[in-house]
Amino acid sequence: MFAFFQDFTEYIVDMCESYIIVNDGKLKSSISATGLIDKAWEMFFLMISLKDIFQWL
């Protein structure tokens with residue numbers, strides 16, 4: 001089960017990163033995974049804040 005969760009979260013982070021780059025967003029090389037999720041949420045990629053969901057897991 002842990003491997004599934006790890007793959008799922010990596011997929012979400014990769015999608016957020018791709019969305020930011022495709023839409024001319026700038027990223028620092030030192031940005032964290034939660035920073036990527038927050039930035040994608042600010043750019044309206046996500047309908048809900050995934051950080052709020054992941055804190056319950």
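Below, all heavy atoms of this structure are taken into account, side chains as well, without hydrogens, waters or symmetry copies. Model, not experiment: these values are computed from the prediction.
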Under 3.5 Å, side-chain donor or acceptor atoms of residues 16-30 against the rest of the protein: list the pairs with distances, not counting sequence neighbours.
{"unit_1": "S18", "atom_1": "OG", "unit_2": "D14", "atom_2": "O", "d": "3.0"}
{"unit_1": "Y19", "atom_1": "OH", "unit_2": "M43", "atom_2": "O", "d": "3.3"}
{"unit_1": "N23", "atom_1": "ND2", "unit_2": "Y19", "atom_2": "O", "d": "2.9"}

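- Taking the side chain as every heavy atom from C-beta outward, M15 and F45 approach each other to under 4.5 Å.
- In the hydrophobic clustering of ILVMFWY residues, with side-chain heavy atoms under 4.5 Å counting as a link, I37 and Y11 come out together.
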